[in-house]
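Notes to accompany the following structure.
Reminder, nothing fancy here: chain letters follow the sequence lines and each chain counts from 1.
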Number of protein chains: 2
Amino acid sequence: MARNKVQKKSAYHHGDLRGQLISAARSLIEEHGPDGFSMSDACRLAGVSTAAPYRHFASKQDLLTEVAKDGLQRLGVEMEDNASEFTRGTVDSISAIGRAYVNFAIREPHTFRLMFSTRAHSGRIEELREVGRGSYGVLLREVARYTGEADITESVIRNAFPLWTQVHGLSFLAIDGKLDVTAFPVDIDESILIATERLLPPGSQAKA
Amino acid sequence: MARNKVQKKSAYHHGDLRGQLISAARSLIEEHGPDGFSMSDACRLAGVSTAAPYRHFASKQDLLTEVAKDGLQRLGVEMEDNASEFTRGTVDSISAIGRAYVNFAIREPHTFRLMFSTRAHSGRIEELREVGRGSYGVLLREVARYTGEADITESVIRNAFPLWTQVHGLSFLAIDGKLDVTAFPVDIDESILIATERLLPPGSQAKA
DNA sequence: CCATCAATGTGAACAGCTCTAACTATGTTA
DNA sequence: TAACATAGTTAGAGCTGTTCACATTGATGG
């Protein structure tokens, strides 16, 4: 009868149901996919009735949007962390960002898909875009360092976008099992490095 | 009472329920997204009871897999058609394939997503991969013409894969509304052309 | 210290979903 | 024409997300 979590004030009021539902959603989604995830499951996992979540989220979609936002934020942090392990503004630091991106997708494929499936978050897309822009900024700043520009100019964006496109595509192909459709499977890290070299304006520290 | 389709033999036996369900699914998916699509809706649209589809498809997923297979096949045809409008084995013909790819994604975003979301088709992935390989072959053969190789060698694949990755990523970014996250929106055709030039081994008709 | 109020839980119920079981109508073939 | 396979039906089980009225609690002001 008594709830066997950490000591509760009441066992009726839950403490942090909101946060607990988000993390329950996260793990359930990664286990069974976003379609295999049900509000009821999350409730069972959190030990509350199926009506409880609606004090914290307007709908199931609303909860999923929260999971997506959280994912975008964590992705940005990991990109920055990975880049910081190399000399800034180099092919190495830029492709490190790419590896962080693809690794995230492989580690949390369902969350990754959720982060970018705009349709699933109708009504809160702008909110999500804002978080996404924050993470994209990590790449933009790194490319600016590479080309030696102080601000995020149009040229920086034009140079960065193909890189994003490439790792984004690689991520989806990876999580959808398309890296070995031929007899010669793709090496992810090598693939990122080569593409970075080819897509970036030639010459280290070039002006574009 | 009488069904107001084309003349029926019986109005009980339906004629081509299987085909009609697939095309109903296609249009419903494109209208409301794959999650907004319900078996019941498809039945209403086809004018049969909700139990009828299960004579033709093992499950809802099974029907969706059929839609995905159909999509992959049509994509391949469109790639080939687009390429054939240019001198074969050139940057032009190769980027024409890329445009066909991205255009398909934009025209049928939900079907496109379905075609690649492996998880949704568990149990029939190999079947789907086979159709996908057929379409991928269009690109592989075109790259082989470009590099002047007679067969689909490892080098051909290594040259083609980054191109696939690029248009695949561009497709997803496009359908998820990410082409204008910055103040400088992306021009799709130009983006494909530039990426093709940079990712392909340098020099027309080079050997790799 | 108590009354009140907002916040956050509950249980019951609804409509809609996928899918199954048993039954029925039809087309084909011996 | 009898028998059989094919392809529909209705009824219903067991899910789901969501809402409703109600219950419990923590915090606040008298």
Classify the side-chain pair A:Ser155/A:Glu149 by whether it contains a donor and acceptor separated by less than 3.5 Å. yes
Ion pair A:Arg74/A:Glu108, N-O distance below 4.0 Å: yes
Rounded to whole Å, how long is the line connecting atom CZ of B:Phe57 with atom C1' of D:dA7? 13 Å
I'd like to know if A:Arg158 pairs up with B:Asp187 as an ion pair, taking the criterion as any Lys NZ or Arg NE/NH1/NH2 lying under 4.0 Å from an Asp or Glu carboxylate oxygen. no
Rounded to whole angstrom units, what separation is found between the CG atom of B:Leu63 and the P atom of C:dC19? 10 Å
Can you tell whether the side chains of B:Arg133 and B:Glu126 come within less than 4.0 Å, N to carboxylate O? yes
d(CG, A:Asp16; P, C:dT8) in whole Å: 11 Å
Do the charged groups of A:Asp35 and B:Arg119 touch, with an N to O distance under 4.0 Å? no
Please encode protein proximity along nucleotides 16-21 of chain D as a string of B, S and -, counting only heavy-atom distances under 4.0 Å. SSBBBB
In whole angstrom, what separates B:Asp35's CG from C:dC17's P? 14 Å
Respond yes when some side-chain nitrogen or oxygen of B:His56 is under 4.0 Å from OP1 or OP2 of D:dT6, and no when none is. no
Any A:Gln166 side-chain heavy atom under 4.5 Å of B:Pro162 side chain: yes
